[in-house]
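Please read these numbers as outputs of a predicted model, since none were measured by experiment. Numbering of ligands and ligand atoms starts at 1, following listing order.
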Amino acid sequence: MRIAINTGGGDAPGLNAVIRAATKAALKRGWEVIGLKNGYGSLFTDKPYVELNHDNVRGITMQGGTILGAANRGNPFEMPVKQEDGSYTSVDKSDEVVQKLSDLGVDAVVAIGGDGSMHIAHKLSLKGIKIVGVPKTIDNDIVGCDVTLGFDTACSIATEAIDRISTTAESHQRVMIVEVMGRYAGWIALHSGLASAADVILIPEIPFTLDSITKKIQEIEHYGREHAIIVVAEGAKQKNGDTFVKGKQIGQAEQLGGLAQYLEKEIMERTGKETRSVILGHQQRGGSPSTFDRLISLRFGSEAIRALEDKDYNKLVVMKQNELKRIPIADVAGKFKTVPLGSDTVMTARDLGKCLGD
Ligand code: F6P
C-alpha cells in the first residue's frame, strides 16, 4: 500500500500533527507514504512529492504551517494556466492528476482540507481515487462535524489579541473594531468575541444595521464607559448589503475584506468617538497549535489510516460529541456550516447583553 497525503487550501495550526500521525500509523502497517508538495498542482512539477518517514515527521506535532506546503490554487478541476498575454485561465486537469497519482503508484489519498478541498476530494473520488478526508480550517465551517482542526487555536489567538486591544481602547477612550477571519461563517467572531467580552459581535449569519451598533455604543457611554470593542467577522453583511470582497483570482476562492475600514468611518461619524480598526488576518492561522488542536489532529490522522485499512473509502473523519466518526465526503462537499441562530452560544451572547447587530 502506498498512500499520498495532501494539505489543500490555506494552512491551519494542526496540519503537521495530522501528517505525523497518519505517516506513523501508515508506516506501522508497513505502507509507504508520500506527501504532495504544495497541493495537487505540484504533480505538474519536477519535485511533486516528498517520501515521508519517521525522521522527517519527528518533532512536528507542535509546529505551525505544513511541512508539505499549501496552495489555494491547486484545484485540479480549475487549474490556473498562464496564457501568452500573461493573464490566467482555468483548465480542468483532473484526469491528468488521476493519471499522475497512478504513475506514482499511489493507492489512496489522505486529503486534509476545508470545504473546497472536500469538494475536490469528492469529485476525484468519482474519478476512481480512493480518498479519506480530514477536516481542516480555522473557519470551522465544514458540515457534519462539531469542530475542525485549527479553529480552537485561531479562536485563542483572536481572543488574546482582542484582550490586548481592549486595554489600549480603554486608555484612549476609543471604539476599537477588530476584524477576524471565518469567511461566510461567524464561528471565530462569535467565540472570540464572547470570550474577550466584546460589546458588539457581527457575524455573517445576522445582518447588521449601523443604528443598532450606534445605539449600543451610546448606551455604553450613557453608563459611564468611554471605550467599546466591536468584533466583526470578515464576511458579516449590513442588512440588504453585500459581503465586502477584495478580489478574486482564477482558481481561488474570493478574498474577503474591507468591512472594518468601512465601519471605522461610519461609527466615528455617527458616534463622534475616536474609532480605529484592526485586521487580525493571517496571524490567526499561524504558529503553534493549541493542545486541543494537536490532539484532534493526531486523532484525525491516525483514524484516517484506520479508515483506509478498513477500505472505508471516500469518507471524512469527523468528531461528533467527542467521538470520531466517518461520514461520506459526498455529504459535505459543496456545503458549509454556519452558526445556528438558535444555538446556545448565540443565546448566551444575547443574555449577556451583546449587540449582534440586529
Ligand atoms: O479559509 C481559511 C481562511 O483563513 C479564511 O478565514 C480567509 O478568508 C481565507 O482563508 C484567507 O485566504 P488567503 O490565505 O488566500 O488570504
Report yes if Asp139 has an N/O atom closer than 3.5 Å to an N/O atom of ligand 1; otherwise report no.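 Yes, since at least one N or O of Asp139 sits under 3.5 Å from an N or O of ligand 1.
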Met181, any N or O under 3.5 Å of ligand 1 N or O: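 The answer is no, given that Met181 and ligand 1 share no N or O pair closer than 3.5 Å.
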Can you sort out which atoms of ligand 1 are near [X], meaning under 4.0 Å from one of its heavy atoms?
X      : result
Ile138 : 4 (O)
Gly182 : 6 (O)
Glu234 : 5 (C), 6 (O), 7 (C), 8 (O)
Arg183 : 1 (O), 5 (C), 6 (O), 8 (O), 9 (C)

Run the side chain to side chain donor-acceptor pair (under 3.5 Å) test against Arg306 and tell me which residues pass, sequence neighbours left out.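 Scan of Arg306 (side chain to side chain donor-acceptor pair (under 3.5 Å), adjacent residues dropped) gives Ser302, Glu303.
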Does His282 approach ligand 1 within less than 4.0 angstrom via side chain, backbone, both or neither, non-hydrogen atoms only?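 Near ligand 1, His282 shows its side chain, while the N, CA, C and O stay back.
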Residues [X] and [Y] bridged, charged N to O under 4.0 Å:
X      : Y      : answer
Arg2   : Glu32  : yes
Asp115 : Arg183 : no
Asp11  : Arg285 : yes
Glu170 : Arg225 : no
Asp103 : Lys100 : no

Have a look at Arg285, Glu254, Lys136 and point out the one with the heavy atom closest to atom 10 (O) of ligand 1.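 Nearest option to atom 10 (O) of ligand 1, by heavy atoms: Arg285.
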Could you note down all residue pairs passing side chain to side chain donor-acceptor pair (under 3.5 Å) where residues 343-352 supplies at least one of them, sequence neighbours left out?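 Sorted pair list: Arg350-Asp358.
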What is the nearest protein non-hydrogen atom to atom 15 (O) of ligand 1, stated with its residue, atom name and distance?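 Ranking protein heavy atoms by distance from atom 15 (O) of ligand 1, first comes Asn72 ND2, 2.8 Å.
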